Amino acid sequence: MGLHPLEFSECYLDSPVFREKIKSHEAELDKTNRFIKELYKDGKNLINATKQLVLAQRKFAQSLGEFQFEYIGDAKTDDERCIDESLQEFSNFLKNLEDQRELMMRNITETLMKPLEKFRKEQLGSAKAERKKYEKETEKYYSSLEKLLNMSAKKKEPQLQEADSQVETIRQHFQEESLDYVCKLQEIQERKKFDCVEPMLAFFQTVFTFYHQGFELANDFNHYKKALQINIQNTRSRFEGTRVEVFELMKRIREVPQEYKQTSPISSEGYLYVQEKRPPPFGSSWVKRYCTFVKEQKILHMVTFDHRSGGKMGETESVTLKSCVRKTTDMLDRRFCLDIEITDRPGTVLTVQSLSEDDHKFWIHAMGGKEPAGQYLGKTYSKERGIDAQLNDVGLSFVKNAINAIETRGINDQGLYRVVGVSSKVQKLLSLMIDEKSNDVDLSTCEEWDVKTITSTLKLYLRSLPEPLMTYGLYKDFIAPAKGGSPESRSQAIHCLVHKLPEKNRLVLGLLLKHLATVAAHSKLNLMTVANLGVVFGPTLMRPQEDTVAAIMDLKFQNIVVEILIEQHEKIFGDVPGPSSPGLSAPTRQSKKLSVRQNRPLAVYNPKKVDLQTVSPTSPDVGSNSDEASLGSNESVSSQSTASGTPPEKANHGRLLASLSTGDSPGACIAVAASRLNSGALTKASSDGDKTVDGVTGGGGKRAMAVYPCEAEHESELSFQVGAIFRAVVPSREPGWLEGELEGKKGLIPENYVEML
């Protein structure tokens, strides 16, 4: 059984049982007081710990925001640019989350800590004061009563009456105080049930509202996350292709380093040991210097560099060369030496020592000496493999034959073009197909050659040509648009460059790109998306004439060029560009960034101030939830095709009623709705629920007309031509974007591509 009720009638009897009941009530209040004090202390610790967490999270976010990735080369791909910006986006996300956490902590102080402390001080404190008064009146009454009872009966009657009157007055005060104290005890026992629990309810409501904010932030982050996963996957795929090429180059250089030592026709570079003569008796010393010889001006630049001193670089000295003579060992007891006569100081001869015999010959040749030296001759795949592949009628016939066989027998094979055939069989098939006497084999019906052998042979043929299909001369021109500009300008530039190719090159390239588009159309089965095909065929269709790491770093841009060619092959190979490459100049589209969510007030549970009629569960839905409609199927990241740009974040609509259904307080829903209205995310529904003010049926909104054509860069966007009419157009939460419906499909529309009707 719980506490016994304190009857007011017992205040007059003041029995021992009554006193025991009072002690039980007092003990319960003491326990409540200790509990609140301990809870208040723990709450303070929680707030302080959370403040430390906020500081740590903000420091972490600051570190993320301040760091930037450096890149190799002179430009970044769109995927790399998005990856570079991702740390700043992560930083903003964390800062926004911590802003919400700080709001939560401020509300916890107001909704939990202060009310509990107020109850403890005002209610429990007043009970403690009443207790002291009650005990004081008890002591006073029973002392006066004992004094009265001990008074002699022989006292005069007036004295006795006066003593009786005084005790009666004290007794009345005592009983009144007893009544007040009993009433106070029972009042506090009942009040604590709601005065203590209601702040705790507000505390949990505040915490859950914070987590709900985090849930919504995570939903806002979801589209950015998916787009970034595609960026990362594309970059990883390009990295794998680049790494293979780099290792191949390293292997070739390791085998014949002298052939790759010098590729510049303008200058020659390398280390030489220079003899520095000193006055007798000190003799001379040899100092290692890095030398650059500019051939046209015959100037030799020398800079001292010592690897053993932490790479300390000295001053640069430049001299003009007059002549160079090989120094024999009978004149100087050192090998690989040269005597260089200098025009700056007539009669002065500078003696230098090269690093090896090959290096010796190299410097003699570079400085105009008499001894010949080998030059870098370069290599082609045909010479390396002993294959005489040519872009002639035989080669064209093989390309058509191979494409027909692949599309007939293996268009749905997983990893098509990535799974390679046996090298010996590939070489044998290519030799057979480029031989005019034996190239009449129909690969589509010949079971001797499997599909992976045919795909590998086609790639080998293209890489074995004396010049790549997109030519050395146009290589830099093709790479340039992939390094910058809008998707439209890239497409226009590549369109024009394709039509600068030799006719036969363009013919074969068109056949191949049409075939690759067919392969990409079956990517759900063969897993070869446009991005994957770009990785495979980037270095196959175009490559620089020089074999350097810097050139290999451009592989990622080769992949982008091939992706554009595959995606737009019909337009590029079907239409001839005008003399000035005209095209409708579309405005620049908004780039994707994770918009920073506005700070919204956290709901404070306050039943006295909440109007339950403000938000009714039976109210018509507000806005339209376009998340599922525009998200599409959840395919794996590796099987999604890349895009030249990335989409903006979609709006998150229709969550107000959802929050009601999941048990959020009315106050929380009101706060969310107010924030949505402020940010323009809510669209007012019409009175009949299915027709807008302008009479367009289907979800409200307005109509708009396209004034520029647009190719969707993401599955959540709409593709359209000039003149297309959009229905149910509403603002998107992402600046610069709208949401609308075209031919029954909902998606995102660049705001500056349309005019409102």
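Every heavy atom of this structure was used, including side-chain atoms; hydrogens, water molecules and symmetry mates were not. Model, not experiment: these values are computed from the prediction.
Residues V754 and A706 share a closest heavy-atom pair of CG1-CA, 4.0 Å. A704 and M756 make their closest contact through CB-SD, 3.8 Å (heavy atoms, listed as atom of the first residue, atom of the second, distance). Considering all non-hydrogen atoms of both residues, S143 and E139 come closest at OG-O, 2.7 Å. Shown here for E739 and I749, the closest heavy-atom pair between the two residues is C-CD1, 4.3 Å. In plain terms, the two heavy atoms of F210 and L97 that are nearest each other are CE1-O, 3.8 Å. The two residues P115 and T109 come nearest to each other via the heavy atoms CD-O, 4.4 Å.
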Identify all side-chain donor-acceptor contacts of residues 43-54 below 3.5 Å with residues at least two apart in sequence or on another chain.
from: N45; atom 1: ND2; to: K41; atom 2: O; distance (Å): 3.4
from: N48; atom 1: ND2; to: K44; atom 2: O; distance (Å): 3.2
from: T50; atom 1: OG1; to: L46; atom 2: O; distance (Å): 2.7

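The side chain to side chain contact (heavy atoms under 4.5 Å, CB included) test applied to E28 returns L3, K31, T32, Q189, K192, not counting sequence neighbours. Scored by the side chain to side chain contact (heavy atoms under 4.5 Å, CB included) test, E117 finds Y40, R120, K121 as partners (sequence neighbours excluded).
In this structure the side chain of L228 reaches within 4.5 angstrom of the side chain of N231, judged on heavy atoms. Side-chain atoms of F69 and E80, non-hydrogen and from C-beta on, never get closer than 4.5 Å to each other. Looking at heavy atoms from C-beta onward, K37 lies in side-chain contact with N33 at the 4.5 angstrom threshold. Between R19 and D14 the shortest side-chain heavy-atom distance falls below 4.5 Å. Counting only heavy atoms from C-beta outward, the side chains of L13 and F18 never approach each other to under 4.5 Å. Put simply, the side chain of H212 reaches to within 4.5 Å of the side chain of E216, judged on heavy atoms. Contact annotation: the side chain of F119 approaches that of I188 to within less than 4.5 Å [non-hydrogen atoms, C-beta and beyond]. For the pair S178/Y141, no side-chain contact is recorded, criterion being any heavy-atom separation below 4.5 Å from C-beta on.
In this structure, CG in L748 is found 9.0 Å from CG in L738, a value given to the nearest 0.5 Å. The structure places CG of L116 at 6.0 Å from CD1 of I36, a figure rounded to the nearest 0.5 Å. Atoms CD1 and SG, on I22 and C11 in that order, are 6.5 Å from each other to the nearest 0.5 Å. Interatomic distance, D99 CG to Q213 CD, rounded to the nearest 0.5 Å: 11.5 Å. With values rounded to the nearest 0.5 angstrom, L87 atom CG is found 11.0 Å from N92 atom CG. Between L148 atom CG and L160 atom CG the span is 8.0 Å, to the nearest 0.5 Å.
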Practice item. Take Q166 and K147 through the test side-chain contact (heavy atoms from CB on, under 4.5 Å) and record every step on the way to the result. Key: CA-CA 11 Å; Q166 289 178 351; K147 185 177 180 181; over 6 Å; no
Check your understanding: Step by step, would you call I230 with K226 a side-chain contact (heavy atoms from CB on, under 4.5 Å)?
Key -> CA-CA 6 Å; I230 296 174; K226 290 186 176 181; 5.8 Å; no
Point to revise | salt bridge (charged side-chain N to carboxylate O under 4.0 Å, His left out) between E177 and K140, intermediate numbers included | key: CA-CA 12 Å; E177 184 60 37; K140 183 177 179 181; over 6 Å; no
Practice item. Show your working on salt bridge (charged side-chain N to carboxylate O under 4.0 Å, His left out) between R131 and E135 and close with a plain yes or no. Key: CA-CA 6 Å; R131 179 179 178 179; E135 290 175 349; 3.5 Å; yes
Exercise for review: Dump the intermediate steps for side-chain contact (heavy atoms from CB on, under 4.5 Å) on Q123 and K118, then the final yes or no.
Suggested key: CA-CA 8 Å; Q123 299 300 325; K118 180 180 179 182; over 6 Å; no
Exercise for review: Any chance you could lay out the side-chain contact (heavy atoms from CB on, under 4.5 Å) test for Q159 and M151, step after step, and finish with the verdict?
Suggested key: CA-CA 10 Å; Q159 289 180 329; M151 183 177 290; 5.6 Å; no
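With S719 contributing its side chain and A712 its backbone, the two residues share a donor-acceptor pair below 3.5 Å. Checked by atom type and distance alone, the side chain of S165 never pairs as donor or acceptor with a backbone atom of E162 at under 3.5 Å. At least one donor-acceptor pair closer than 3.5 Å links the side chain of H25 to the backbone N or O of H4. Side chain of Q100 to main chain of G214: no donor-acceptor pair is present (N/O by atom type, distance under 3.5 Å, no hydrogens or angles).
Counting non-hydrogen atoms of neighbouring residues, nucleotides and ligands closer than 6.0 angstrom, the CZ atom of F204 reaches no more than 12 such neighbours. A 6.0 Å sphere centred on OH of Y142 holds more than 12 heavy atoms belonging to other residues, nucleotides or ligands.
Electrostatic pairing of R81 and D78 counts as a salt bridge here, judged by a charged N lying under 4.0 Å from a carboxylate O. For the pair E98 and R101, the salt-bridge criterion is met [side-chain N within less than 4.0 Å of a carboxylate O].
Between F93 and Y224, the distance separating the two ring centers is not shorter than 6.0 angstrom. Aromatic pair F208/Y211: ring centres not closer than 6.0 Å.
Remark: the E130 side chain and the S126 side chain contain no N/O donor-acceptor pair separated by less than 3.5 Å.
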